[in-house]
Chemist: 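Let me begin by handing over the structure; questions about it come next.
Note: hydrogens, waters and symmetry copies are ignored here, and every other heavy atom, side chains too, is used.
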Amino acid sequence: MTDSPDPKDAPSQKNPRRSKVAPHDAPYAAPFSPQNKPVPSPGYGPQEPDEPLDEDLGEPLVEAPGEALSEALVEPLVEAPGEAPGEPLSEAPGEAPGEAPAKSPNKARAKAPAKARAKSPNKARAKAPAKSPAKAPAKAPYGAPHEATDGDPNVSLDEAFDEAFDDGPVTLGRGKSRTRANKTFFGTDGIRGVVNREPVTAKMAMNLGQAVIHLLVRKNRQAGNKTFPRPRVVIGQDTRFSSDMLSSALAAGVMSQGGDVYMAGVLPTPGLAHLTSSLRANVGVVISASHNPFEDNGIKVFDERGYKISDEVERNLEKLINYSQNLTRCLALPADVGRLFRVEDAVSRYVFYLKSVLPQKLNLRGLKIVLDCANGAAFRVAPAVFRELGAEVYPIADNPDGYNINLNCGSLHPEFCAQKVSQLNADLGVALDGDADRVIFIDGLGQVVNGDQILYLLADHLKNKKALAKNTMVSTVMSNLGLDLALKKAGIELKRTAVGDRYVSECLRQEGLNFGGEQSGHVIFLDHSTTGDGTLAALKTVEAMLETKRSFATLGSLIGVHHQAQKNVEVANPALVMASPKIEQLRIFVNSKLQDNGRVLIRASGTEPYVRVLIEGTNADLVDKLAKFCSDEVAKIQPQA
């Protein structure tokens, strides 16, 4: 039998947000041209300014008679005669102090007397007599103190950042996670948003790269290390076109501060986490917006062991970004600028690692598996792993073009995979998301199996093998009450955390546990991986089914689940809405209706402008009505700024 289905059977993947896109052989690296440019949807693409451009930015710079515009731009702002350095420009003659100038400030500067320009410090330096060439300075070890390259030459690296860190020392690595308070850019899972809109811009990525290196420098100096090896940063990305822009900007920021960059190319998020540890790098960074549409993108940061950084580290990075003028004051010396290397075998390294997780005695021969790659980062990795282990693989959504990531496919749209499982009479369907850190399954009957059912199967299997640490697993507040009841019956304790697989990972480490995950499909085997890994979870699920000799057609009936109704309410500021006293009133009201047969969860999204409402209970009609009532009431809240 062939390894792939008939192309005519594949559902259309037409993107409603773009016009005709010409097919090409190198989808994630295809040139951007008018022929394949997407049609911007409302809210995306170049925006018309709210006011005329000249009112926003002032009048254009006017050339002085006989002077080229380029010369006017090169010269610094010159104080008028009699003005102390650093003071604002003097008022034009005839203007009262404090009144607005009658003419554009730019014009006033452009028409400044020629004599004043002649006194420009830069011109004075330019006209200095030429000196004999000096010998190139000897290259100092990386991390040795050196003078700032701009501003006050006496300001050292540490002093330049004192104002940003006047509240305590800097850390990078494992830190105690706190609430998301006082964080501007980072959400539940890194930085995420619409591309070329704050905070997901090339400038932000470059500043973040600079900030990461400076945290490493400060950490070493605080430890008393005056010199230390050049920092290494590994960068991976998903298949969105914008990932190239952000990864390049991030790399430029790292190298400008003296760090070396190792570009891994398109690689799943858990693969990048593994590669960071494998290469003994200091930091790993993934450019991806996970399950979001192609218009969005994001940045996730990992420490040297492949764990997602804590809230404390994220706040430290934000401090540096907010003081980005200090980042530019301490650029690396020319001899210390970082270099860029490409990790050519990143995919094969990760494939080899994943195969090693499955016991040598097991193989997947005879299994027919439909693999939905979500047109994302695992489009090469996942099919290779399952094929090399002997499975008959039918990949779908494995042809990314830069725009179709997560489009009507993947873990958010498992119905696409379910349809193919039924058509091909396959044993199992595996639906990954855009960066392959989560997975949803389809059993042999074509039924979708949610994350809670898989968590129960895997926890029970580990316990029976005496491999579940402390007979305890970890999940989030989103997990179904049915999971609690099934685990309790199996003699397994459940601990809950805030939403986000990094909080599950932190709880596992703090409590000395080794297994947990989320209902959404993040599954963490801490003995094998530091973060959620969809492909690894699929392998371990197949292992559990083969070793217990269970049928793949019975996956969906492992536990009884309570009915859940979820609503996403779009709001301008989720944090302010959640601060309203009406939220607590809604919780009290819903709990009074559900009594002991359900629960309510209202929370702000950490990645999107939504307040999420979850109602769960045994009475489906009541749950649906309460969910609609709550979401309508949340939408009416007018928060006080």
Side-chain angles (χ1 to χ4, degrees), residues 170-180 183 186-192 208-209 211-213 215-216 219-220 231-236 250 259 262 264 267-288 290 298-318 346 349-350 353-354 357 377 435-438 469 473-476 495 497-518 520 522-537 606-607:
V170 183
T171 60
L172 179 66
R174 285 181 66 180
K176 184 178 179 181
S177 278
R178 307 172 190 169
T179 64
R180 292 183 55 225
K183 288 200 298 181
F186 285 90
T188 302
D189 196 14
I191 299 171
R192 194 178 299 184
L208 178 61
V212 164
I213 298 302
L215 280 189
L216 290 168
K219 178 185 177 184
N220 277 282
R232 288 183 171 190
V233 177
V234 184
I235 301 176
L250 182 76
Y262 290 76
L267 194 68
T269 289
L272 190 282
H274 168 73
L275 193 62
T276 300
S277 174
S278 174
L279 291 176
R280 306 303 191 266
N282 302 95
V283 177
V285 184
V286 176
I287 309 297
S288 177
S290 190
I299 304 175
K300 304 178 185 181
V301 185
F302 295 83
D303 68 16
E304 69 276 6
R305 292 170 299 167
Y307 291 108
K308 290 180 180 177
I309 59 174
S310 67
D311 291 322
E312 180 182 359
V313 176
E314 289 178 347
R315 276 190 290 270
N316 282 335
L317 288 172
E318 289 196 357
R349 282 173 178 248
Y350 184 44
Y353 160 71
L354 287 172
V357 171
D435 68 336
D437 65 348
R438 65 166 73 180
M473 66 157 287
V474 179
S475 190
T476 73
K495 290 184 177 292
T497 71
V499 175
D501 69 320
R502 70 179 177 133
Y503 297 113
V504 174
S505 177
E506 285 180 2
C507 182
L508 291 173
R509 285 177 281 159
Q510 291 167 3
E511 299 289 336
L513 306 175
N514 64 346
F515 176 73
E518 291 190 279
S520 60
H522 289 117
V523 181
I524 302 175
F525 291 87
L526 204 60
D527 294 334
H528 302 290
S529 181
T530 57
T531 187
D533 189 329
T535 310
L536 173 62
T607 57

Chemist: I'd like to check Asn316 versus Lys219 (side-chain heavy atoms, cut-off strictly below 4.5 Å). Are they in contact?
Modeler: no
Chemist: Could you check whether any side-chain heavy atom of Tyr262 comes within less than 4.5 Å of a side-chain heavy atom of Leu275, counting everything from C-beta outward?
Modeler: no
Chemist: Return the minimal non-hydrogen interatomic distance between Gly259 and Ile213, and the atom names on each side.
Modeler: CA-CD1, 4.0 Å
Chemist: Which atom pair, heavy atoms only, marks the closest approach of Gly236 to Ala264?
Modeler: CA-CB, 4.4 Å
Chemist: Assess the residue pair Val313 and Ser310 against the criterion (side chain to side chain contact (heavy atoms under 4.5 Å, CB included)); give the C-alpha distance rounded to whole Å, side-chain angles, the decisive distance to 0.1 Å, and a yes or no.
Modeler: CA-CA 5 Å; Val313 176; Ser310 67; 3.6 Å; yes
Chemist: Looking at Glu318 and Phe186, would you say the former's side chain and the latter's main chain have a donor-acceptor pair under 3.5 Å?
Modeler: yes
Chemist: Decide, yes or no, whether a salt bridge links Lys300 with Asp435 under the criterion of side-chain N to carboxylate O below 4.0 Å.
Modeler: yes
Chemist: Which atom pair, heavy atoms only, marks the closest approach of Pro268 to Ala377?
Modeler: CD-O, 3.5 Å
Chemist: Going by side chain to side chain contact (heavy atoms under 4.5 Å, CB included), Leu508 matches just one of Ile524, Asn514, Thr530. Which one?
Modeler: Ile524
Chemist: Could you check whether any side-chain heavy atom of Val523 comes within less than 4.5 Å of a side-chain heavy atom of Phe515, counting everything from C-beta outward?
Modeler: yes
Chemist: Is there a side-chain contact between Leu513 and Leu526 (heavy atoms, below 4.5 Å)?
Modeler: no
Chemist: From Leu267 CG over to Ile287 CD1, what is the distance, rounded to the nearest 0.5 angstrom?
Modeler: 13.0 Å
Chemist: Less than 4.5 Å apart, side chain to side chain, heavy atoms only: is that true for Asp311 and Arg502?
Modeler: yes
Chemist: Any side-chain heavy atom of Thr269 within less than 4.5 Å of one from Phe302?
Modeler: yes
Chemist: Looking at Ile309 and Leu317, what are the two nearest heavy atoms and their distance?
Modeler: CD1-CD1, 3.8 Å
Chemist: Is Ser475 reaching over with its side chain to a backbone N or O of Gly517, donor-acceptor style, under 3.5 angstrom?
Modeler: yes
Chemist: Provide the closest heavy-atom pair for Thr531 versus Ala273 in the form atom of the first, atom of the second, distance.
Modeler: CG2-CB, 4.2 Å
Chemist: Could you state the interatomic distance from NZ (Lys308) to OG (Ser505), rounded to the nearest 0.5 Å?
Modeler: 8.5 Å
Chemist: Indicate the atoms forming the closest heavy-atom contact of Ser290 with Arg192, along with that distance.
Modeler: CB-NH2, 3.6 Å
Chemist: Do Glu314 and Val301 have side-chain heavy atoms sitting under 4.5 Å apart?
Modeler: no
Chemist: State whether the side chain of Arg438 and the backbone N or O of Ala436 hold a donor-acceptor pair below 3.5 Å, judged by distance alone.
Modeler: no
Chemist: Would you say the side chain of Tyr307 lies within less than 4.5 Å of the side chain of Thr276, judging by non-hydrogen atoms?
Modeler: no
Chemist: Has Asn282 got a side-chain atom pairing as donor or acceptor with Glu304's backbone, closer than 3.5 angstrom?
Modeler: no
Chemist: Only one of Asp189, Asp501, Asp437, Asp533 forms a side chain to side chain donor-acceptor pair (under 3.5 Å) with His522, so which one is it?
Modeler: Asp437
